[in-house]
Amino acid sequence: MIQVKLPDNSIKEFENPLTILDVAKSISPSLAKATIAGKIDEDLKDVSYLIKNNCTLRLITEKDDEVLDIIRHSAAHLMAQAVKQLYPKAQVTIGPVIENGFYYDFSYERAFTPEDLVLIEKRMQDIVKSNIIVERKELSRKDAIEYFESIGEKYKVEIISAIPEDQTLSLYTQDDFTDLCRGPHVPSTSKLKAFKLTRLAGAYWRGDSNNEMLQRIYGTAWRTKEELDNYLNMLEEAKRRDHRLIGKNLDLFHQQDEAPGMIFWHPKGWAIWQEIEQLIRREIALDGYNEVKTPQIVDKSLWEKSGHWEMFGEGMFTTHSENRDYAIKPMNCPCHILIFNQGLKSYRDLPIRFSEFGSCHRNEPSGSLHGIMRVRNFTQDDGHIFCTEEQMQDEAAKFIDLVFRIYAKFGFTNVAVKLSTRPDKRVGDDSLWDNAEIALAKALEGKSLKYILQPGEGAFYGPKIEFALKDCLGREWQCGTLQLDFNMPGRLGATYVAEDGSKKTPVMLHRAVFGSLERFIGVLIEHYAGNLPLWLAPTQVAILNISEKQASYAFSVYNSLKNNGFRCELDLSNEKVGYKIREKTLQKIPYLIIIGDKEVENNTITLRRRDGEDMGQVMLNQLQELLGNELVN
RNA sequence: GCCGGUGUAGCUCAGUAGGUAGAGCAGCUGACUUGUAAUCAGAAGGUCGAGGGUUCAAUUCCUUUCGCCGGCACCA
């Protein structure tokens with residue numbers, strides 16, 4: 001007798017082993033039809049899975065969240081089947097599920113084209129219509145290798161060879177297509193109702209740039225057409241929010257061929273920058289930082305001592321003068337140590353906190369550049385804290401508070417925290433790394449912060465905590481960082497005199513709230529879709545007259561606001577007010593002031609908000625109060 | 001850096017089986033003096049990313065190169 005416990009805690013008893021589908025059938029035919037997989041105890045299984053022992057079972061239908069991964073994985077197989085039918089010479093490699101979809105990498109004699117994509121998707125639809133049964137079978141390694149060798153799929157053979165000997169291998173077959181896969185999968189292709197192939201790309205075999213480049217096709221798949229449409233709309237929305245587009249339309253900055261990866265900030269973009277920079281200045285002053293400024297170009301020997309030359313020499317811009325070689329600084333930390341090294345430091349001086357809006361250059365690979373998010377010249381809101389080992393945990397904790405405090409001022413409250421530990425390529429011995437990693441973990445645990453561990457992702461000189469903020473579309477942007485460094489101060493000869501009179505090497509914390517100001521502004525633009533809050537808006541108020549008659553009154557309103565520190569512009573152009581409103585609204589200016597004969601007569605202005613709300617007539621002093629109240633930062 | 005795509009007026013884009021290009025908007029000039037998301041008219045605006053080749057002739061074909069876009073790889 002087999003007992004199967006269902007989610008409502010009822011127990012069904014069966015005489016003989018039976019499949020998950022049989023259990024579903026025993027409940028109702030409609031449920032059997034809707035069942036896509038089953039969860040036996042904690043494992044997802046195909047509906048064909050044979051239940052032999054007592055277990056708990058939850059039937060997975062379209063309504064369950066678990067079904068998404070199954071659908072996406074099956075969609076990847078479906079795509080591979082379509083590709084093999086259309087292009088028999090293509091070899092399949094891997095096809096995993098990713099966020100929102102799936103991809104499959106193929107080895108093929110030529111690149112796929114957008115036209116191919118249309119054909120492939122069409123063929124996928126045909127296979128769905130034919131309602132092909134998806135069957136699972138298990139094979140020994142030897143048989144599996146033999147099978148894939150017989151059909152000429154050498155990548156699959158390579159994959160199987162890398163799978164541990166003791167693991168059972170399962171194959172999934174749908175009509176003429178068989179793939180190696182752990183599963184589970186949908187029972188038949190008709191379960192795949194909402195998918196779309198989204199893009200083509202090159203991708204290295206096994207993710208290694210030394211390997212052959214494969215043809216990757218990305219797709220997305222969902223439970224329903226509606227979910228698919230929602231996702232596609234989200235992609236469209238992301239396009240509309242693209243900082244490169246908004247940056248151009250709002251005249252914030254530009255980039256051009258002569259300076260790839262560099263930014264030309266226009267007055268409006270720079271106004272945003274300055275607001276942010278000043279805010280950080282105010283906030284870190286509260287936390288005891290002292291701002292410094294260090295040279296842009298420093299002798300190569302410093303970078304050799306710091307270890308950067310060996311590690312990142314390729315990525316540094318260099319120059320020379322009178323037989324000396326220099327590097328344009330890619331980081332500020334060595335220079336901050338040089339400031340620390342001036343004069344004798346006592347333990348009583350610690351912690352010392354230096355901050356710098358440091359303009360750094362890194363010769364990033366051309367293919368990695370992206371708008372203002374990934375550039376070759378960026379400005380770190382950098383800071384280095386020199387302290388004793390006893391102080392470092394408090395300093396780490398203090399910085400964590402600072403990060404959350406500043407993010408909140410920009411409306412970011414959803415922050416992911418990650419701890420990255422020692423990478424393969426690193427400096428310093430393991431005992432130093434042990435201490436550093438433990439200290440960071442303790443600082444996080446002291447704040448009861450949940451964090452994600454990222455083994456091997458640390459910097460070459462120390463482990464780090466990363467702060468990634470989530471924007472309104474749920475996208476994650478890594479910004480803040482806190483890195484503990486037991487190596488560089490020693491390499492560059494930093495010391496302080498301890499209580500016992502001995503010379504000791506301080507611990508250094510590298511830290512940045514935004515990492516790159518350029519990138520952060522890009523994130524802000526996309527998060528707000530250009531509708532920046534009043535305090536950040538490059539132009540806060542635009543004053544529009546109805547006709548020439550009110551020009552001088554409008555000008556006096558403009559002057560009054562300007563003299564009170566508001567960023568405003570006056571539009572006396574010879575256009576209809578509807579035209580001016582449209583123009584200024586497209587510029588995403590938070591407030592529009594409209595001035596006609598009525599306003600002149602009553603000594604008022606009429607206020608219209610960016611979202612279109614007409615706020616009626618207000619007195620000028622009321623306006624300043626209203627705007628002032630909104631500028632809480 | 002790698003794979004693929006792409007580069008035409010300030011912007012968004014059309015176009016040429018090879019015969020040196022066209023629209024809308026913006027800008028300019030003029031008229032209109034305007035009440036909450038585009039008033040009308042006129043004139044003007046381009047080494048078709050850059051270099052080389054084929055050709056009587058190249059923006060178009062070939063080639064090199066640069067930038068940009070989508071991924072991959074990288075990211076102190």
Side-chain angles (χ1 to χ4, degrees), chain A residues 103 105 108 110-114 116 198-218 242 244-245 248-249 251 254-261 303 306-316 329-334 360 362-371 374-376 378 380 423 425-427 457-462 464 478 481 483 485 488 510 515-516 519 544-551 572-587 592-599 606-610 612-616:
Chain A
Y103 67 78
D105 286 348
Y108 192 46
R110 63 169 175 85
F112 292 119
T113 65
D116 292 324
T198 49
R199 55 185 164 233
L200 293 160
Y204 299 110
W205 167 234
R206 291 186 180 279
D208 185 334
S209 57
N210 297 313
N211 289 343
E212 176 200 352
M213 185 153 278
L214 306 169
Q215 303 299 322
R216 175 171 298 180
I217 303 176
Y218 284 94
D242 192 310
R244 292 166 299 190
L245 184 69
K248 185 183 279 178
N249 289 342
D251 192 22
H254 86 273
Q255 292 173 284
Q256 64 180 65
D257 291 5
E258 287 79 358
W303 308 107
S306 71
H308 286 99
W309 188 261
E310 191 196 343
M311 211 59 75
F312 296 106
E314 296 267 302
M316 286 163 75
K329 72 172 172 188
M331 298 225 74
N332 308 299
C333 34
C360 298
R362 296 180 184 177
N363 196 5
E364 304 285 1
S366 56
S368 69
L369 301 178
H370 179 86
R374 180 93 182 259
V375 287
R376 288 189 174 143
F378 64 103
Q380 291 179 314
K425 262 177 109 180
R426 60 177 182 264
V427 294
E457 297 288 314
F460 73 89
Y461 46 71
K464 62 183 174 188
Q478 202 259 297
T481 178
Q483 308 180 8
D485 189 347
M488 210 183 294
H510 308 247
S516 151
R519 181 179 151 84
L544 322 175
N545 61 336
I546 303 276
S547 77
E548 246 169 37
K549 281 182 283 177
Q550 309 92 26
L572 298 177
S573 65
N574 185 13
E575 294 288 350
K576 289 190 165 180
V577 74
Y579 180 88
K580 294 191 200 182
I581 287 173
R582 179 182 152 80
E583 260 198 330
K584 305 302 169 190
T585 305
L586 289 173
Q587 286 297 305
L592 302 185
I593 285 175
I594 290 121
I595 292 170
D597 286 338
K598 274 184 287 180
E599 287 78 9
T606 291
L607 198 56
R608 180 191 157 106
R609 224 163 46 188
R610 177 164 55 190
E613 190 182 324
D614 185 347
M615 300 177 74

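Source: prediction; values computed, not measured.
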S.K.: Which whole-number value in Å describes the distance from A/Gln587 CD to B/C11 P?
M.R.: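 In whole Å, B/C11 P and A/Gln587 CD are 15 Å from each other.
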S.K.: Taking the nucleotide of RNA chain B with the nearest heavy atom to each, does A/Gly596 or A/Lys248 sit closer to the 5' end?
M.R.: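 Its nearest nucleotide lies further toward 5', so the answer is A/Lys248.
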S.K.: Tell me: CD1 of A/Ile581 to P of B/A37, nearest whole Å?
M.R.: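 Checked: the CD1 to P distance equals 6 Å.
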S.K.: Between A/Lys580 and A/Ser573 (side chain of the first, backbone of the second, donor and acceptor by atom type, cut-off under 3.5 Å), is there such a pair?
M.R.: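 Yes; judged by distance alone, with no hydrogens or angles, the pair exists.
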S.K.: Using a heavy-atom cut-off of under 4.0 Å over every strand shown, decide if A/Gly578 touches base, sugar-phosphate, or nothing.
M.R.: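 Result for A/Gly578 = sugar-phosphate.
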S.K.: Considering only the P atoms, how many Å lie between B/A58 and B/C48, rounded to the nearest integer?
M.R.: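 Per the computed distance, 12 Å lies between those P atoms.
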S.K.: Roughly how many Å is it from CD1 in A/Ile546 to P in B/A37, rounded to a whole number?
M.R.: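 Nearest whole value for this atom pair: 11 Å.
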S.K.: Could you tell me which residues satisfy side chain to side chain contact (heavy atoms under 4.5 Å, CB included) with A/Glu212, sequence neighbours excluded, listed by chain and number?
M.R.: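 Checked A/Glu212 against side chain to side chain contact (heavy atoms under 4.5 Å, CB included); matches are A/Ser107, A/Tyr155, A/Leu214.
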S.K.: Considering heavy-atom distances to RNA chain B, does A/Thr606 or A/Leu245 have its closest nucleotide positioned more toward the 5' end?
M.R.: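 The residue closer to the strand's 5' end, by nearest nucleotide, is A/Leu245.
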S.K.: Using whole Å, what does the distance between atom P of nucleotide B/A37 and atom NZ of A/Lys584 come to?
M.R.: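 Whole-Å distance recorded here is 15 Å.
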S.K.: How does protein reach along nucleotides 64-76 of chain B, written 5' to 3' as B (base within reach of a heavy atom under 4.0 Å), S (only sugar-phosphate), or - (no contact)?
M.R.: ---SSSBBBBBBB
S.K.: Could you tell me the separation between the CG atom of A/Leu592 and the P atom of B/A38, rounded to a whole number of Å?
M.R.: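 To the nearest whole Å, that distance equals 14 Å.
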S.K.: Could I get the full list of side chain to side chain donor-acceptor pair (under 3.5 Å) partners for A/Asp251, not counting sequence neighbours?
M.R.: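 If we apply the side chain to side chain donor-acceptor pair (under 3.5 Å) test to A/Asp251, skipping adjacent residues, the hits are A/His266.
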S.K.: Between P on B/C3 and CG on A/Asn211, what's the gap in Å once rounded to a whole number?
M.R.: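 Roughly 14 Å, once rounded to whole Å.
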S.K.: Could you list the residues that satisfy side chain to side chain donor-acceptor pair (under 3.5 Å) with A/Lys549, not counting sequence neighbours?
M.R.: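 A/Asp597.
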S.K.: Kindly indicate whether the side chain of A/Glu314 and the base of B/G1 share any N or O donor-acceptor pair separated by less than 3.5 Å?
M.R.: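 It does not, because no donor-acceptor pair links the side chain of A/Glu314 to the base of B/G1 below 3.5 Å.
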S.K.: Which value, in whole Å, describes the distance between the P atoms of nucleotides B/C66 and B/A23?
M.R.: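 Looking at atom P only, B/C66 and B/A23 are 36 Å apart.
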S.K.: When the P atoms of B/U59 and B/U20 are compared, how many Å lie between them, rounded to an integer?
M.R.: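 Pairwise P distance, B/U20 against B/U59, rounds to 11 Å.
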S.K.: For RNA chain B, which ranges pair as stems of 3 or more consecutive Watson-Crick or G-U pairs, with both donor-acceptor distances under 3.5 Å?
M.R.: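 Stems (3+ consecutive pairs) listed as B:1-7 with B:66-72, B:10-13 with B:22-25, B:28-31 with B:39-42, B:49-53 with B:61-65.
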S.K.: Rounding to a whole Å, what distance do you find between A/Lys580:NZ and B/U39:P?
M.R.: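 These atoms are roughly 12 Å apart.
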S.K.: Please assess A/Glu583 against A/Glu575 for the test side chain to side chain contact (heavy atoms under 4.5 Å, CB included), listing each intermediate value before the final yes or no.
M.R.: CA-CA 11 Å; A/Glu583 260 198 330; A/Glu575 294 288 350; over 6 Å; no
S.K.: Over all strands shown, is A/Thr113 touching base, sugar-phosphate only, or nothing at heavy-atom distances under 4.0 angstrom?
M.R.: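 The answer is nothing, as A/Thr113 stays clear of every strand by at least 4.0 Å.
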S.K.: Please identify each residue that fulfils side chain to side chain donor-acceptor pair (under 3.5 Å) with A/Glu314, with sequence neighbours left out.
M.R.: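 Partners of A/Glu314 under the side chain to side chain donor-acceptor pair (under 3.5 Å) test: none.
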S.K.: Listed by chain and number, what are the ring pair (Phe, Tyr, Trp, His ring centres under 6.0 Å) partners of A/Phe312, not counting sequence neighbours?
M.R.: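 Residues passing ring pair (Phe, Tyr, Trp, His ring centres under 6.0 Å) with A/Phe312: A/Phe460.
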S.K.: Taking all heavy atoms of A/Arg376 and all of A/Pro365, pick out the closest pair and write down the distance.
M.R.: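 Heavy atoms only, the tightest pair is NH2-C, 3.9 Å.
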S.K.: Which value, in whole Å, describes the distance between the P atoms of nucleotides B/C3 and B/U63?
M.R.: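 Comparing P positions in B/C3 and B/U63 gives a spacing of 15 Å.
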S.K.: Using atom P of each nucleotide, how far apart are B/U47 and B/C11 to the nearest Å?
M.R.: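 Result for the P pair: 13 Å, nearest Å.
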S.K.: For A/Arg519, enumerate each residue passing the side chain to side chain contact (heavy atoms under 4.5 Å, CB included) test, keeping only those at least two apart in sequence or located in another chain.
M.R.: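 A/Arg519: side chain to side chain contact (heavy atoms under 4.5 Å, CB included) contacts with A/Met373, A/Trp477, A/Gln478, A/Ser516.
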S.K.: Would you measure the distance from the C1' atom in B/G67 across to the matching atom in B/A50 and give it in whole Å?
M.R.: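 One C1' to the other, the span is 10 Å.
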S.K.: Quick one: side chain to side chain contact (heavy atoms under 4.5 Å, CB included) partners of A/Leu245, sequence neighbours excluded?
M.R.: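 So A/Leu245 forms a side chain to side chain contact (heavy atoms under 4.5 Å, CB included) with A/Asp242, A/Asn249.
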S.K.: Provide a list of protein-nucleic acid N or O atom pairs under 3.5 angstrom, restricted to nucleotides 24-31 of chain B.
M.R.:
| unit_1 | atom_1 | unit_2 | atom_2 | d |
| --- | --- | --- | --- | --- |
| B/A26 | OP1 | A/Tyr579 | OH | 3.0 |

S.K.: Using the P atom as the reference point in each nucleotide, state the distance between B/C61 and B/A14 in Å, no decimals.
M.R.: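 Those two atoms are separated by 16 Å.
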S.K.: With sequence neighbours excluded, what pairs up with A/Leu607 under the side chain to side chain contact (heavy atoms under 4.5 Å, CB included) test?
M.R.: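 Result, side chain to side chain contact (heavy atoms under 4.5 Å, CB included) vs A/Leu607: A/Tyr591, A/Ile593, A/Ile605, A/Met615, A/Leu623, A/Leu626.
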S.K.: What's A/Asp597 touching, base or sugar-phosphate or nothing? Going by heavy atoms closer than 4.0 Å.
M.R.: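 Answer is base: heavy atoms of A/Asp597 come under 4.0 Å of a base.
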S.K.: Rounded to whole Å, please give me the gap between CD in A/Glu599 and C1' in B/G35.
M.R.: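 After rounding, the gap between these two atoms is 8 Å.
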S.K.: Looking at every non-hydrogen atom in both residues, tell me the closest pair between A/Asn545 and A/Leu572 and how far apart they are.
M.R.: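 Distance-wise, the nearest heavy atoms are OD1-CA, 3.4 Å.
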S.K.: Measuring only the P atom in each nucleotide, how far is B/A21 from B/G46? A whole number of Å is fine.
M.R.: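 My reading of the P atoms in B/A21 and B/G46 gives 12 Å.
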S.K.: Run the ring pair (Phe, Tyr, Trp, His ring centres under 6.0 Å) test against A/Phe378 and tell me which residues pass, sequence neighbours left out.
M.R.: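 A/Phe378 satisfies ring pair (Phe, Tyr, Trp, His ring centres under 6.0 Å) with no other residue.
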